[in-house]
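In what follows, a single structure is set out as structure tokens and then discussed.
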Amino acid sequence: MTRLHDPSAHSFASDNYAGAHPEVLQALIDANGGHVGSYGADPYTRRLAEVVVEQFGEGASIDPVLTGTGANVAALQALTPRWGAVICATTAHVYTDEGGAPERLGGIKLLTVPTPDGKLTPELIDRQAHGRGDQQRPQPLAVTITQSTELGTVYTPDELRAITDHAHSLDMRVHLDGARLANAAASLGVPLRAITRDVGVDSVSFGGTKNGLVLGESIVTFTEEARAGLVFLRKMDAQLLSKMRFVSAQFLAMLDDDLWLRSATQANAMAARLASGLADLPGVTITQAVDANAVFVVLPRHAVEPLRELHRFYDWNRASGEVRLMCSFDTTPEQVDRLVADAAALLRP
């Protein structure tokens, strides 16, 4: 086959743009050949069940799926009855970027709360945690939070524990959208379990593609209640893979030898370098804490399009001129410094 792209091309648009990590590709090659059981009846998926306990703690169980949207929908369906509703931030991916899938496919009403930094708090949750027993109102029975958030910020373990304790006191379950969970753990310098199981989270959509996998996500659960029905929901939501060994093998590569941590640490470090380089340029404002691998920044309007032609990125708020710059596991210091230099050339007299 003729290669159809420039393999040296780099973008700051999304960590989804990045290719696969070489160790992940090798894992796919190693998992290929011969016949093994399908739909999870294979040695790679069985080994993954053991490794997830090592990484997330006793009681952790993993279900590989195809997409992050599918993971979120199935995980939330398992936590809420048909009449239940889920509280989330107005910036949450489940609300803004999944085509209405939680509500249309999952039948889940989302109750949103504005936040300044993408992070919920017990007080913010209480704005929607009312009306229990009122037949006129969808019943708030779960909370979903994102780690790291859509604004690039990271919850501390204490912040997560405050949310789960409060939600559980209201008889609500807590789901964590962990598309960038690895980046959050790397930022905090803690193991994956420290911001999931150990702080009382009930279930996690644990991401892979944003951290070097070819494809595949997963649902990690910590209680029987969170796990109930997933074996059926995964199929109903079109998330059950027949050749599951290939997704499981990728997750094994990511979790073994701390590849997840190495990749996330690199992406985070490049975001910090990028923010540092941009911060002192005239007319530039960093709008959110750079906790993980995202930089949210307001650029002078005259510089946005010329800079975008050199380094692709997305607008976040066109009205204010805010853009989002994402770093990936394969972003290099040279690529970051080139963007900063190009921005400086456009902004300095």
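For this chain, numbers begin at 1 and follow the sequence in order. These values consider heavy atoms only, across backbone and side chains, with no hydrogens, waters or symmetry-generated copies. All of these numbers come straight from a predicted model, not from anything done at the bench.
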**Q.** Minimal non-hydrogen separation, A13 against Y314, with atom names
**A.** O-CD1, 3.4 Å

Q) Could you go step by step and tell me if D198 and R161 meet the salt bridge (Lys or Arg N to Asp or Glu O under 4.0 Å) rule? A) CA-CA 8 Å; D198 291 354; R161 172 55 77 178; over 6 Å; no

Q.
Would you say that Q147 contacts I195 through its side chain, given a criterion of any heavy-atom pair below 4.5 Å between the two side chains?
A. yes

Q) For K109, does its backbone N or O pair with a side-chain atom of E103 as donor and acceptor, under 3.5 Å? A) no

(Q) Under a 3.5 Å threshold, yes or no: a donor from one side chain and an acceptor from the other, between Q288 and T153? (A) no

Q) Are the side chain of T80 and the backbone N or O of L76 linked by a donor-acceptor pair below 3.5 Å? A) yes

Q. Taking the side chain as C-beta and beyond, is there a heavy-atom pair between M326 and R324 under 4.5 Å?
A. yes

Q | Exercise: identify the closest heavy-atom pair between I219 and A71 | A | CD1-O, 3.7 Å

Q: Verify the neighbour count for atom OH of Y95: are there more than 12 heavy atoms of other residues, nucleotides or ligands below 6.0 Å?
A: no

Q.
Walk me through whether R262 and E23 qualify under side chain to side chain contact (heavy atoms under 4.5 Å, CB included).
A. CA-CA 12 Å; R262 289 184 277 125; E23 293 178 38; 3.1 Å; yes

Q: Would you indicate whether the side-chain heavy atoms of F222 and D202 approach each other to under 4.5 Å?
A: no

Q) With no hydrogens and no angle check, is any side-chain donor or acceptor of R132 less than 3.5 Å from a backbone partner on L170? A) yes

Q: Quick one: do N268 and S187 satisfy side chain to side chain donor-acceptor pair (under 3.5 Å)? Show the steps, please.
A: CA-CA 7 Å; N268 291 359; S187 174; 4.9 Å; no

Q: Could you walk me through whether L307 and F313 pass side chain to side chain contact (heavy atoms under 4.5 Å, CB included), step by step?
A: CA-CA 9 Å; L307 190 60; F313 52 82; 4.0 Å; yes

Q: Rounded to the nearest 0.5 Å, what's the gap from CG on N211 to CZ on F251? Could you check?
A: 9.5 Å

Q: Using a 4.5 Å cut-off on heavy atoms from C-beta on, say whether the side chain of F329 contacts that of N293.
A: no

Q. What are the two closest heavy atoms between C327 and D15, and how far apart are they?
A. O-CB, 4.1 Å

Q | Validation row: N16, K210 side chains within 4.5 angstrom (heavy atoms) | A | yes

Q: Take atom CG of D280 as the centre, draw a 6.0 Å sphere, and report whether it contains more than 12 heavy atoms from other residues, nucleotides or ligands.
A: no

Q) Regarding T156 and D158, is there a side-chain donor-to-acceptor distance under 3.5 Å anywhere? A) no

Q. Below 4.0 angstrom, N of the basic side chain to O of the carboxylate: do D337 and R273 qualify?
A. yes

Q: For the residue pair H175 and S205, confirm or rule out a side-chain donor-acceptor distance under 3.5 Å.
A: yes

Q) Looking just at side-chain N and O atoms, do T331 and Q335 make a donor-acceptor pair shorter than 3.5 Å? A) no

Q) Any chance the side chains of D126 and H166 put a donor and an acceptor closer than 3.5 Å? A) yes

Q: Quick one: pull up CG in N32 and NZ in K243 and give me the separation to the nearest 0.5 Å.
A: 8.0 Å

Q. Any side-chain heavy-atom pair from Q250 and R245 closer than 4.5 angstrom?
A. no

Q. Should K119 and I145 be marked as a side chain to side chain contact (heavy atoms under 4.5 Å, CB included) after you check the CA-CA gap, both sets of side-chain angles, and the distance that decides it?
A. CA-CA 7 Å; K119 295 162 70 172; I145 53 180; over 6 Å; no

Q. For the atom pair CG (L213) and CH2 (W260), what is the distance rounded to the nearest 0.5 Å?
A. 14.5 Å

Q.
Working note: F206 + F56, criterion ring-ring contact (aromatic ring centres under 6.0 Å, His included); need CA distance, chi angles, decisive distance, verdict.
A. CA-CA 11 Å; F206 180 40; F56 287 89; 5.3 Å; yes

Q: Could you give me the CA-CA distance, side-chain angles and deciding distance for D63 and R227, then say whether salt bridge (Lys or Arg N to Asp or Glu O under 4.0 Å) is met?
A: CA-CA 9 Å; D63 291 275; R227 199 170 297 129; 5.7 Å; no

Q: Give the intermediate values and the outcome of side chain to side chain donor-acceptor pair (under 3.5 Å) for residues T112 and T90.
A: CA-CA 5 Å; T112 62; T90 53; over 6 Å; no

**Q.** Single hit among I163, T115, V143 for side chain to side chain contact (heavy atoms under 4.5 Å, CB included) with L124
**A.** T115

Q: Give a yes or no on whether a salt bridge exists between R308 and D315, defined as a side-chain N under 4.0 angstrom from a carboxylate O.
A: yes

Q: Evaluate the side-chain proximity of S38 to M244: yes if any heavy-atom separation is below 4.5 Å, no if none is.
A: no

**Q.** Minimum heavy-atom distance A74-L233, with the two atoms named
**A.** O-CD1, 3.8 Å

Q. Any idea which heavy atoms bring L281 and L347 closest together, and the distance?
A. CB-CD1, 4.0 Å

Q.
Assess, by modelled atom type and distance only, whether the side chains of D342 and H311 contain a donor and an acceptor separated by less than 3.5 Å.
A. yes

Q. Do D42 and T45 have a side chain donor and acceptor closer than 3.5 Å?
A. yes

**Q.** Salt-bridge present (R47, E54; N to O < 4.0 Å)
**A.** yes

Q. Sub-3.5 Å donor-acceptor pair from the side chain of R197 to the main-chain atoms of E58, do we have one?
A. yes

(Q) Are P191 and Q55 packed together at the side-chain level, in the sense that at least one heavy-atom pair is separated by less than 4.5 angstrom? (A) no

Q) Which value, rounded to the nearest 0.5 Å, describes the distance between T149 atom OG1 and L120 atom CG? A) 10.0 Å

(Q) With side chain to side chain contact (heavy atoms under 4.5 Å, CB included) as the criterion, how do V51 and D256 come out once you've worked through the C-alpha distance, each side chain's angles and the decisive distance to 0.1 Å? (A) CA-CA 8 Å; V51 171; D256 279 342; 4.1 Å; yes

Q) Do E217 and T209 have side-chain N/O donor and acceptor atoms under 3.5 Å apart? A) yes

Q: Please report the closest heavy-atom contact between S148 and V154, naming both atoms and the distance.
A: CB-CG2, 3.7 Å

